[in-house]
Each structure stands twice: as structure tokens, then as C-alpha cells.
Amino acid sequence: MSEKEVFYWKIRSHIGSGLPFVIYSEPEDEKIKGILQEDNEVISVKDFTESGFVFAPFNTREEEAILLRTDIQLLTKSERGKDNALEEFDSIYDSNIIRNHKKLVRQGIKAIKESELEKVVLSRVEPFPLEKNDPLEIFKFLHNTYPTAFVYFWHHPKIGTWLGATPETLLKVEEDSFSTMSLAGTLPYNEDEDVIMWGEKEKEEQQIVTDAIVSGLDKIPGLGNICVSEIETIQAGGILHLKSNISGSLEKASLKNILCSLHPTPAVCGYPREEARKFILENEKYHRSFYTGYLGELNMQNSEKSTNFTQLYVNLRCMQLKEQKAWIYVGGGITADSNPNLEWEETVNKSQTMKKVLLNII
Ligand SMILES: C=C(O[C@H]1C=CC=C(C(=O)O)[C@@H]1O)C(=O)O
């Protein structure tokens, strides 16, 4: 058996034993890592000084972030094949689903016009029937199709099974520096278009995220030299986003303080945070669970440099596998200038990220 076959064989046998694990690949990296826990204990993160793989929900105030212990660590390399040119396809939606999402968006716009709320991120979940349910095959396809994303397959027998390919970094910390990202605004990617015309709505949406992140970080003692990069356009599968990198130096600030300041960012919740959170919990009418939470390596050891590092990503473009279905989670940022029809289309475009891959598996 090749090294890669041994890697997947060990993962399959861990799944067979009903034990928790995660496999993942960092953006632009061909390494696939595995973290396997040897018992099925559900471990909650207490103060973010722990080491392991963290999987945190959207609502960290009421739900726990889960830690996988690094009992076994695996590594393999996987040359990505040529970019999988997967076909887009038209989904057929029940008219109630469309109506409900547009209604939610209209409620959000109304609240923005009538209250202090400036931006709210509204989402939905849609089921996709799976005939063949092989999450490892889905993971391999995601890894091959989205080389610039953080791709993962996370499983805990007592919690559930999630997969995703997210373009958004929440926090990277190594030695005395940190970086995060302001990602917002969405347009469909069209390879024939050389110049991308971002509208005022998208620019404003992204600026709200940048300003809120910077003003939150500014208040944390022990963080300094905060810099914001130029805004750039990035491609994430079939869509484009506006992105700025935000970085700085970290002296004594704790990870817990930084994460409390960052999560949930206005890219997944809104601004001001409290008003947006309240609106989401009262109006979305479904449970986000780990969608728009975050995940990744927490206080892991870099053996080459003998330092600790943390690399966390926002859980976007993701799905949960249950009841022979993939539940795909999608949302978008709403501001006063949002158009409910376009917001619906945006969620449809985002759902293609997962569906294109699933269609090749079933
Ligand atoms: C909430 C999602 O995306 C966020 C991240 C980037 C762009 C977004 C937007 O344009 O609305 C969202 O803020 C999602 O993909 O489900």
C-alpha cells in the first residue's frame, strides 16, 4: 500500500471503530493532515490554552467549542490533479423556500432601516439527497477542486459529521505575530470578465467588516502595530469576494481575548454584533450549529521552529451529513441597499460550491 492508501485506510478503520477525528488541508498546501482521538469523549474547550483541533459553533455563548485531542497525528501528501472543471447545474427549489428566504432578507432590510443595525448576515440550510454516502470521497473531491480553500472532514460520533471548503481565515498566530481577514461582498466568477465591477453595496459591506475587526482588536491590551492591507478580489470556487488582510504583533494578549473579539465577525453575524446576533437568533428559524463557527489547529507544536501556532478558519461553504442527506449551509450579508432577489441568487451560487462536488460522488 502507498503512504496515501495507508493514510485513508487508517481513517476508514477509525470511522469503523466509531471514534472522532478530523482530516484537513491548508490553503495552497498539498499536505493532508489527520488528527485522531482514541476515545469518544466530548471535550469542551475551556480557556483556549489547550492544544488540539477546535471545532466551534456560531453561538459560542450558549454552545460549547469542541476539542479533538491529538492522540494520533497522520500526514500524507496528495498532488492535486488538474482543477476539477465541474459543471454548474440548475437546482429546482420549492417556491416556499425561495419565498421564505426573500422574506427573511426583507425583514433584515426593514430592521436595518428602522434600528441601529447596519448589517446582518442571513442564512438558510438546504438538504441534498445522497445515494452513496462516502465522506472520504467527498473530502478528496473537495481537496482537489478547491486548492485555495481550507478543506476538512470532521467527525465525532456523539456530535456529527461536517465537511467544507472555506475561503476565510479567522485567526493565525505564530510566535509574536497574528493575522486575520476581512472577507465580504460576493459576485459570481466569470472567466471572460477582465475587469470586476464591485458595487457600492459590496464595498460598504466589506468596509463594515474591516472597521469592526480593527476597532475590536484595538481594544485588546497586548496587541500592537495593527495594519490593514489593500483590498483585493479573491476567487473562491465559482464566486468572488473582497478581502483585506489585517495583521499585527502580539505581546501578552491571550488567544481567548482575541477570539472573543473576533468571533462572530460581521462577515458572518453583522454589525453592531449584539443587534445582529439577536436578529439572527430570533428570525432565521433554524439552528446554525457549527456553520459560521470556526475550526482549526489550536496551540499546535511547530517542530521545526519549536514554537506554538494556531490556524483557525471560519466554517463557511460547508455541509453536515445526516439522514442520508448533505445539509448545505449558505448565507449572505444584508445592508440597507440589498435586493432580496439578488440575495437569494447569492445563496444559490454559494450552494454550488458543495453541490458541484456532491454531484460527482452520487
Ligand atoms: C455567510 C457566508 O459568506 C460570508 C463570507 C463572505 C462573503 C459574504 C457575503 O458576501 O455576504 C458573507 O459575509 C456564506 O458563504 O455562507
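Just so you know, ligand 1 is whichever comes first in the structure, and atom 1 is the first atom listed for that ligand.
Protein heavy atom in closest approach to atom 12 (C) of ligand 1: A267 O, 3.4 Å. Among all protein heavy atoms, the one lying closest to atom 1 (C) of ligand 1 is Y291 OH, 3.4 Å. Closest to atom 8 (C) of ligand 1 among all protein heavy atoms lies K350 NZ, 3.4 Å. The nearest heavy-atom contact from the protein to atom 11 (O) of ligand 1 is G333 N, 2.6 Å. Nearest to atom 5 (C) of ligand 1 among the protein's heavy atoms is L316 CD1, 3.6 Å. The protein atom (non-hydrogen) at minimum distance from atom 6 (C) of ligand 1 is H241 CE1, 3.6 Å. When only non-hydrogen protein atoms are considered, atom 10 (O) of ligand 1 lies nearest to T186 OG1, 2.5 Å.
By the 30° and 60° cut-offs, the orientation of the rings of F153 relative to F21 is perpendicular.
E116 CD: 12 or fewer foreign heavy atoms inside a 6.0 Å radius. More than 12 heavy atoms of other shown residues, nucleotides or ligands fall within 6.0 angstrom of atom CD in E251.
Geometrically, K356 does not engage F141 in a cation-pi contact defined by less than 6.0 Å to the ring centre and at most 45° from the axis.
L142 contributes atom CG, which lies 9.0 Å from atom OG of S25 (distance to the nearest 0.5 angstrom).
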